[in-house]
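These figures come from a predicted structure and were not determined experimentally. Numbers here are sequence positions counted from 1.
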Amino acid sequence: MIPGADEYDVDVAPSREAIERLLAVGPDDVEPADELTFARNVFVPLTTACRYTCTYCTYYDPPGQATLMSPEEVRDVVRTGADAGCTEALFTFGDDPDDRYTAVHDQLDEWGHDSIHTYLREVCELTLDEGLLPHANPGDQTREQMATVADVNASMGVMLETTTEVQAHGGPRAKNPGQRLNTIRTAGQLGVPFTTGILVGIGEDWEDRAESLLAIRELHDRYDHVQEVIVQPVRENERWTNGSPDVETLRRTVAMARHALPEEISVQVPPNLAPVRDVLDCGVDDLGGVSPVTDDHVNPDYKWPALRELEDVADYAGVPLGERLPVYERYLPAHLRNAGVEPASPPVEADRWVSARIEEAIAGTDDAGERYRSVLSGAAAD
């Protein structure tokens, strides 16, 4: 039984047989991708506050030290990104940051917001006005919280990380796998194209990895909403000194992900955190969001590769490198999709996968709209 699944009424339970079959999968059982993709983004760390204190995470700051970006600071970052040819603004912040951070709560109140999610909505709207598509990763969310911001995001995400309890999540406010799965399910119900993934090396075992991948698969089978799954190795930093998974562990895990997931879900390995050349033959087809102008604020010790380095990776694999938007093409309306791109199944509780606001942005006649469509057409400039 997945911890927290009963609490959140998440009926995801991969069978013993399915887990055993996946555990038998290795790199020789999958094929390398025939293309690699990436998104050009800016990283917007809206606040460093988080109610969790995971022992591998350097992102969060304790109460009294956490910061909250102002609308002006957000505008400066996204405007710089738009000028640099980016298409995505990746918003991150910790789970319920206004829960135990008095200063953050007070600042939000001063700016006229009763929650971080209403503030997120404001800065997402600002971001669209400045010519980038928001992709928010605000941690676990209730249905109300996600609904507050879904229509101003091209896509959203949260890392499942693992379906088991691990010491690395320890503390009085440990992450709850059932709650994570509930967030992923909520996205499917609301018709939100979604990114999720697993962390490798935080104390989980091989069965946990198989169960996590199959749980993601089960939810996607119901809602058709998972656009990519990240296989991310934990890396050493100032808070985590327990080592990183070796190459063979990563290769086997990536192969399991590719084998477990349907073809329409991309398998992503972050090129700044993993020896990506060593896993290309295991089914990787996406290199994630890479920024030409901002750091990886979650993993500040590991710099983004330059576009030239991504091209070198693709050359090494002998495949083309394509740029993509933060929302995968199969979730776009017909007039924005290229011929031959099969649409995702209709959302369960929504009339469309992307809101009219996002559709209008991509179809717009301004510089931003032309930039988005040049990515869709494969004609984006280097």
Side-chain angles (χ1 to χ4, degrees), residues 1-5 8 10-33 137 140 157-166 168-169 175-185 187-188 193-234 244-270 273-274 276 279-288 328:
M1 175 62 70
I2 297 173
Y8 289 92
V10 180
D11 55 339
V12 174
S15 69
R16 182 74 241 164
E17 292 78 12
I19 291 174
E20 292 290 349
R21 286 196 300 271
L22 189 54
L23 287 173
V25 170
D28 292 340
D29 298 308
V30 297
E31 296 292 330
N137 284 257
D140 288 319
V158 71
M159 291 289 283
L160 170 59
E161 300 189 6
T162 181
T163 51
T164 193
E165 292 178 337
V166 291
H169 286 163
K175 284 177 178 172
N176 184 315
Q179 187 176 19
R180 290 287 193 193
L181 291 168
N182 181 56
T183 298
I184 299 169
R185 178 180 61 180
F194 211 67
T195 293
T196 187
I198 62 172
L199 287 183
V200 185
I202 58 172
E204 82 292 350
D205 62 24
W206 283 106
E207 289 198 11
D208 301 326
R209 293 166 192 156
E211 181 182 63
S212 298
L213 292 167
L214 291 169
I216 294 169
R217 169 68 188 253
E218 281 196 37
L219 291 173
H220 175 77
D221 284 347
R222 295 176 201 173
Y223 304 109
D224 204 18
H225 68 306
V226 177
Q227 56 180 15
E228 58 189 358
V229 168
I230 304 168
V231 179
Q232 180 174 322
V234 67
S244 302
D246 60 27
V247 170
E248 289 309 311
T249 296
L250 191 59
R251 283 176 56 80
R252 181 182 172 191
T253 307
V254 172
M256 287 169 58
R258 182 64 283 164
H259 192 274
L261 301 170
E263 183 180 356
E264 68 267 15
I265 296 180
S266 283
V267 173
Q268 178 190 129
V269 173
L273 300 176
V276 68
V279 297
L280 289 173
D281 63 326
C282 301
V284 175
D285 64 341
D286 187 71
L287 301 176
Y328 278 49

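When atom types are taken as modelled, the side chain of Asp208 and the backbone of Thr164 share no donor-acceptor pair closer than 3.5 angstrom. In this structure, the side chain of Thr253 engages the main chain of Thr249 through a donor-acceptor pair within 3.5 Å. For the pair Thr196 (side chain) and Leu160 (backbone), a donor-acceptor distance under 3.5 Å is present. For Ser212 (side chain) and Thr163 (main-chain N/O), a donor-acceptor pair under 3.5 Å exists by modelled atom type.
Closest approach of Met256 and Val25 over heavy atoms only: CG-O, 4.0 Å. Looking at every heavy atom in both residues, Ala168 comes nearest to Ile202 through CB-O, 3.6 Å. The nearest pair of heavy atoms linking Tyr328 to Glu228 is OH-OE1, 2.7 Å. Taking each heavy atom of Ile184 and Phe194 in turn, the nearest pair found is CG1-CE2, 3.8 Å. Taking every heavy atom of both residues into account, Val234 and Gly201 meet most closely at CG1-O, 3.4 Å. Across Leu214 and Ala260, no two heavy atoms sit closer than the pair CD2-CB, 4.3 Å.
Residue Glu218 places its CD atom among more than 12 non-hydrogen atoms of other residues, nucleotides or ligands, all under 6.0 Å distant.
For the atom pair CD (Gln227) and OG (Ser266), the distance works out to 8.5 Å, reported to the nearest 0.5 Å. Taken from CG in Asp221 to CD1 in Ile216, the straight-line distance is 12.0 Å, to the nearest 0.5 Å. The line from OG1 of Thr183 to CG of Asn176 is 10.0 Å long, rounded to the nearest 0.5 Å. Separating the CD1 atom in Ile265 from the CD atom in Glu263 is a distance of 11.0 Å, to the nearest 0.5 Å. Atom CD in Glu204 sits 12.0 Å away from atom CD in Glu211 (nearest 0.5 Å).
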Q: Go through Arg251 and Asp281 one step at a time and tell me if the side-chain contact (heavy atoms from CB on, under 4.5 Å) criterion holds.
A: CA-CA 9 Å; Arg251 283 176 56 80; Asp281 63 326; 2.7 Å; yes

Q) salt bridge (Lys or Arg N to Asp or Glu O under 4.0 Å) between Asp205 and Arg209: does it pass, once the steps are laid out? A) CA-CA 6 Å; Asp205 62 24; Arg209 293 166 192 156; over 6 Å; no

Q) Passes salt bridge (Lys or Arg N to Asp or Glu O under 4.0 Å), Arg16 versus Glu207? Steps please. A) CA-CA 10 Å; Arg16 182 74 241 164; Glu207 289 198 11; 2.9 Å; yes

Q.
Show, in sequence, the C-alpha distance, side-chain angles and deciding distance for Val269 and Ile230, and conclude whether the side-chain contact (heavy atoms from CB on, under 4.5 Å) test is met.
A. CA-CA 6 Å; Val269 173; Ile230 304 168; over 6 Å; no

**Q.** Test log, rule side-chain contact (heavy atoms from CB on, under 4.5 Å), inputs Val267 and Val254
**A.** CA-CA 8 Å; Val267 173; Val254 172; 4.2 Å; yes

Q: Could you please spell out the steps behind the side-chain contact (heavy atoms from CB on, under 4.5 Å) verdict for Gln232 and Val200?
A: CA-CA 6 Å; Gln232 180 174 322; Val200 185; over 6 Å; no

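Between Arg222 and Asp11, the closest side-chain pair of non-hydrogen atoms falls below 4.5 Å. Residues Thr162 and Leu199 are not in side-chain contact: their nearest non-hydrogen atoms beyond the backbone lie 4.5 Å or more apart. Within the 4.5 Å cutoff, no side-chain heavy atoms of Val229 are placed close to those of Gln268. Here the side chains of Pro14 and Val12 are in contact, with some heavy-atom distance below 4.5 Å. Residues Arg252 and Leu23 form a side-chain contact, since some pair of their non-hydrogen atoms from C-beta on lies under 4.5 Å apart. Looking only at side-chain heavy atoms (C-beta outward), Glu161 and Val166 stay at 4.5 Å or farther from each other. Contact check for Pro233 versus Leu250: side-chain heavy atoms found under the 4.5 Å cut-off. Considering only heavy atoms from C-beta on, Ile2 stays 4.5 Å or farther from Glu165 through its side chain.
Listed by first and then second residue, the ring-ring contact (aromatic ring centres under 6.0 Å, His included) pairs involving residues 201-223 are Tyr223-His225 (not counting sequence neighbours).
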